[in-house]
Amino acid sequence: MRMVDVIEKKRNGQALSKEEINFFIDGYTKGDIPDYQASALLMAVYFQGMTAEETALLTQAMVDSGETIDLSSIKGHKVDKHSTGGVGDKISFITGPIVASVGVPVAKMSGRGLGHTGGTIDKLESVEGFNVEITKEEFIENVNKYKLAVAGQTGNLAPADKKLYSLRDVTATVDSIPLIAGSIMSKKLASGADSIVLDVKTGSGAFMKTLEESEALAREMVQIGNNLGRKTIAVISDMNQPLGYEIGNANEIKEAAEVLKGKRVDDLRHLALELAAHMTVLAEVFDTYEEAYAKLEENVDNGKAFEAFRTFIHAQGGNTEMIDDLSLLPKAAFDIEVPAANSGYVNSIDAASVGIAAMHLGAGRATKEDQIDFGVGISLQKKIGDYVEKGEPLVILHSQEQNPQASIAKIKEAYSVTEEKPEKPTLIYKVIK
Ligand code: URA
């Protein structure tokens, strides 16, 4: 089989066979197929799509590209949560500890930043000493002991996704339904959880911009999960503005910790509790969503969820002093206000532009080799529906440069301020079972 023929077939809009998909995944993982041919196929998939059957085959091939984790030695029903990626999405750091606080084991395998969105692993590494490169044995032991562990895609779990993920990031092939579904579900299936809750983002800051596309992605992933024996549901949630107020790495950890300490950042707290409630119902710890939500909310308010977060950070080598005293987290040299050009209500915030502004500051990668700067980021001062006076700050940029022109321009582009007050955006659109 020749890779050029596989590329041509997909470029011409035909469905690939199991053998062709396996040939590509196997060859690319081993290094026999070069990046340029993989990039060409990714772009062909981007434009031509894949059938549900091809997507399922792609997912299975990516699972089979490495090892799978057998979590059967962990007592209880293991749940996992995954977001399709957004801006300011620090929900995993809130949801994971909340679920762990009621004794449900959370075994989470995560990725790094992709495109304009941040990654769970990069954010966690902003806590000094935090180690995501744990072995399979340590991962299992930590979930068993502490009910929560997060592993990077090290070792040999879905290595095909690991390589493709960073290639997609720099070849403009991220926002494709089959590629996202395959990427997420291969990681989820390889890491062995019994149930999976997917947070599928929709809107300007999501890879899927419309509710229709997001729903199609959600249905595809739910079907793959359920067909392969994992109870899977998807919550479709809003990404028409960043989640919460903080974007970056250290400052997202800070905001997550604040919510776990009881701070009422409404969208963050509610979405985290919603996802956690579904996870614990799937784990059969609670009978109903309402009962789960109430009990989990209690654990945020009584500090048990924060304690679970602290334990998790400690167990993976992180410096917990930084979590107790959030001012110790990495910080950039300059805080720069970006003022509103006119008075009025914030009508929209293009979340992708805010994500790109953060990337220009150094919070994300433009090429595979780029290093993340943990201390840079953006603190929103105004969100949709807020009133702002001309000259008041819309955001504060945390920058290592005194005049980060590119980021300032992106923020100005992202915010629209109008005379009429807009409606508050919906946070949760649908649950797909
Ligand atoms: N998250 C992933 O793990 N993969 C994607 O392709 C997008 C978001």
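Ligands are counted one by one from 1 in listed order, and the atoms in each one are counted from 1 as well. Along the sequence shown, residues carry numbers from 1.
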Residue pair Phe312, Phe130: steps toward the ring pair (Phe, Tyr, Trp, His ring centres under 6.0 Å) verdict: CA-CA 10 Å; Phe312 150 69; Phe130 192 94; 5.4 Å; yes

Using a strict cut-off of 4.0 Å, indicate which atoms of ligand 1 neighbour a heavy atom of Thr84. 7 (C), 8 (C)

Establish, for the pair Lys383 and Tyr245, whether the NZ or CZ atom is under 6.0 angstrom from the six-membered ring centre and no further than 45 degrees off its axis. yes

Polar side chain donor-acceptor pair, His270 to Tyr293, under 3.5 angstrom: yes

Select one of side chain, backbone, both or neither to describe which atoms of Val174 lie under 4.0 Å from any atom of ligand 1, heavy atoms only. neither

What atoms in ligand 1 come closer than 4.0 Å to a heavy atom of Arg168? 5 (C), 6 (O)

Any idea which atoms of ligand 1 are less than 4.0 Å away from a heavy-atom of Ser183? 2 (C), 3 (O), 4 (N), 5 (C), 6 (O)

Would you mind running through ligand 1 and noting each atom that sits below 4.0 Å from a heavy atom of His82? 1 (N), 2 (C), 3 (O)

Asp35-Tyr28 side chain donor-acceptor pair, cut-off 3.5 Å: yes

Answer yes if the side chains of Gln60 and Asp64 hold a donor-acceptor pair under 3.5 Å, and no otherwise. yes

